[in-house]
Number of protein chains: 2
Amino acid sequence: MGDGTTPGFATQIGVRIRRLRQERNVSLSALARDAGVGKATLSGLEDGSRGNPTIETLYAIAGRLGVPIGALLPDPPQEGEKPLETIHGTAVSATLLETFSDADTDTELFRLHIRPGYVQHSPAHPPGTIEYLTVFTGTAKVGPPDALLTVGPGGHVSWTADIPHTYAAISGEDVFASLLIRTPRN
Amino acid sequence: MGDGTTPGFATQIGVRIRRLRQERNVSLSALARDAGVGKATLSGLEDGSRGNPTIETLYAIAGRLGVPIGALLPDPPQEGEKPLETIHGTAVSATLLETFSDADTDTELFRLHIRPGYVQHSPAHPPGTIEYLTVFTGTAKVGPPDALLTVGPGGHVSWTADIPHTYAAISGEDVFASLLIRTPRN
DNA sequence: GTACGTTGTTCCGTATACGGAACAGGGGAG
DNA sequence: CTCCCCTGTTCCGTATACGGAACAACGTAC
């Protein structure tokens, strides 16, 4: 490795970082400082003279830019045209749109599609995890089995997700919604 | 970096790789060979004695395992709180569903309704503010006037909101969307 | 004018991730 | 038993990613 096996690799990442950085009107110096990486590192990365960064470096940069690491990487690691990571369950498809890591909290934003006729079960998340669901179309019944919440179009609910919970679309209509999951970090 | 700043980082990745590899009944030697990385590298990575791998190494391993790189990285967790009010503009109604205050970031979650036929102007937010828009119905044209972004149903975009920006629904259809605003706290 | 605060680049010593090779242990095959 | 091929681990020299610091080229303030 480090030879010509992955030709555009170095430049690909650099170009993406630079674009995201400029979209946010942040200077190279500022981003390097805020992300905790050396200016030399970031500079070399952006102009492609320094390929193959360490995962920690990428993590720091992606975090500061407010994007998941995948957003910095060349589109398909293997194949299969999938720009976003989607988790498919029997009743629910969840597409991870954004992740944020703050000092004491991790936040994930999903677009959710719940198909009617099934009930999707989700295991318990770490203690203190809270989910926020905003429904745009259809009516959903969600939450812990012993305290199910019903939400129609425009509705918004939240519940503690550190116990097993379920998702279901009722009234035979597909539900499209946004789901925000906030998990405290140790 | 490289010190104890990211404690679980090294082990987290290693554990995931090892689990994925064993699920596939692939030996460490075989995976190392097929992925084109040294056995020493893979071994050290899996048992956590070698943290902070290079992106090329991760790429090769993830590719061989048939998973996106994100599948190898530490996931998310978090927490929250809550208020509620609606701001009505000429074209846009924004309902504040949730607000979160982390150590260095304020996050606000809105449900957005954009009516067609008008353009809603929004002034600049504080430096570093980023907006994330997820569209569920209709097609929206949003962002800084000189770099407008078009988003259809299911689409998701983000832009820097520290300069004036606009929201509009195009194609005569109402837009319902979720809007996440993240503002760095100085 | 000088003095600062930026910008992004380059130099360079150090830390470390890298893979080749050598290693011990475990099954089969004959 | 020996021989062979596999397993995963450890040793070690080399390649290189890292950040601190020095740098030139800008503005802006006074």
Side-chain angles (χ1 to χ4, degrees), chain A residues 1-65 69 72-73, chain B residues 1-7 9-65 69 72-73 127-128 160 162 186:
Chain A
M1 277 203 178
D3 56 1
T5 6
T6 43
F9 209 105
T11 49
Q12 288 245 32
I13 298 181
V15 166
R16 281 157 187 269
I17 293 178
R18 176 155 286 174
R19 207 194 56 228
L20 283 166
R21 177 173 65 77
Q22 290 174 341
E23 280 177 6
R24 285 156 177 68
N25 285 321
V26 176
S27 74
L28 186 150
S29 305
L31 177 56
R33 174 176 24 85
D34 296 346
V37 308
K39 292 203 294 179
T41 302
L42 183 52
S43 174
L45 240 184
E46 283 196 0
D47 76 6
S49 66
R50 186 89 63 93
N52 198 22
T54 274
I55 191 64
E56 273 189 7
T57 300
L58 266 194
Y59 217 70
I61 295 173
R64 216 352 113 142
L65 289 173
I69 281 200
L72 305 183
L73 302 177
Chain B
M1 279 204 179
D3 56 359
T5 7
T6 43
F9 211 105
T11 50
Q12 288 244 31
I13 298 180
V15 166
R16 282 156 185 271
I17 292 178
R18 175 155 286 175
R19 207 192 57 230
L20 285 165
R21 175 172 67 77
Q22 290 173 341
E23 281 175 5
R24 286 161 177 68
N25 285 320
V26 177
S27 74
L28 186 150
S29 306
L31 177 56
R33 173 176 24 86
D34 295 346
V37 308
K39 292 204 292 180
T41 302
L42 184 52
S43 174
L45 239 184
E46 283 197 1
D47 75 7
S49 66
R50 185 89 62 93
N52 198 24
T54 272
I55 191 62
E56 272 189 7
T57 299
L58 267 193
Y59 218 70
I61 295 172
R64 199 63 205 182
L65 288 172
I69 282 201
L72 304 183
L73 302 177
T160 305
D162 52 13
N186 291 353

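All chains are named by letter (A, B, ...) in the order of the sequence lines, taking the proteins before the strands, and each is independently numbered beginning at 1.
The A:Ser27 side chain lies nearest to C:dG8 when the options are D:dT9, C:dG8, D:dG19. If you check D:dC18, C:dC18, D:dT10 against the side chain of B:Asp47, the one that comes closest is D:dT10. Candidate nucleotides D:dG19, C:dC18, D:dT10 were compared by shortest atom distance to the side chain of A:Val37, and D:dG19 ranks first.
When each of B:Arg33 and A:Leu58 is assigned the nucleotide of DNA chain D bearing its nearest heavy atom, the one mapping closer to the 5' terminus is B:Arg33.
Scanning all heavy atoms of the two residues, the minimum distance from A:Asp47 to A:Gly44 falls at OD1-O, 3.0 Å. Between B:Ala35 and B:Ala60, the shortest heavy-atom contact is O-CB, 3.4 Å.
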Using a 4.0 Å heavy-atom cut-off to protein, can you give one letter per nucleotide of nucleotides 21-28 of chain D, 5' to 3': B if the base is in contact, S if only the sugar-phosphate is, - if neither? --------
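In this structure, the CG atom of B:Leu42 is 9 Å from the P atom of D:dG8, given to the nearest Å. When the C1' atom of D:dT7 is taken as reference, atom CZ of B:Arg18 falls 12 Å away, rounded to whole Å. What separates CZ of A:Arg50 from C1' of C:dC12 is a distance of 11 Å, to the nearest Å. Remark: C1' of C:dC18 and CG of B:Leu45 are 11 Å apart, rounded to the nearest angstrom. Taking atom CG on A:Leu28 and atom P on C:dT6, their separation rounds to 15 Å, with Å as the unit. Between A:Glu56 atom CD and D:dA17 atom C1' the separation is 12 Å, expressed in whole Å.
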Side chain to side chain contact (heavy atoms under 4.5 Å, CB included) evaluation trace for A:Leu45 with A:Val37: CA-CA 11 Å; A:Leu45 240 184; A:Val37 308; over 6 Å; no
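Not counting sequence neighbours, the partners of B:Ser43 by the side-chain contact (heavy atoms from CB on, under 4.5 Å) test are B:Leu28.
Rounding to the nearest 0.5 Å gives a distance of 9.0 Å between CZ of A:Arg64 and CZ of A:Arg33. We find the CD1-CD distance between B:Ile61 and B:Glu46 to be 8.0 Å, quoted to the nearest 0.5 Å.
In this structure, A:Arg21 reaches the C:dG8 phosphate: one of its side-chain N or O atoms is under 4.0 Å from OP1 or OP2. The side chain of B:Ser43 places no N or O atom within less than 4.0 Å of a non-bridging phosphate oxygen (OP1 or OP2) of D:dG8. Between B:Ser29 and D:dG8 there is a side-chain N or O to OP1 or OP2 distance below 4.0 Å.
Annotation: side chain of B:Thr57 is not in contact with side chain of A:Ile55 (no heavy-atom distance under 4.5 Å).
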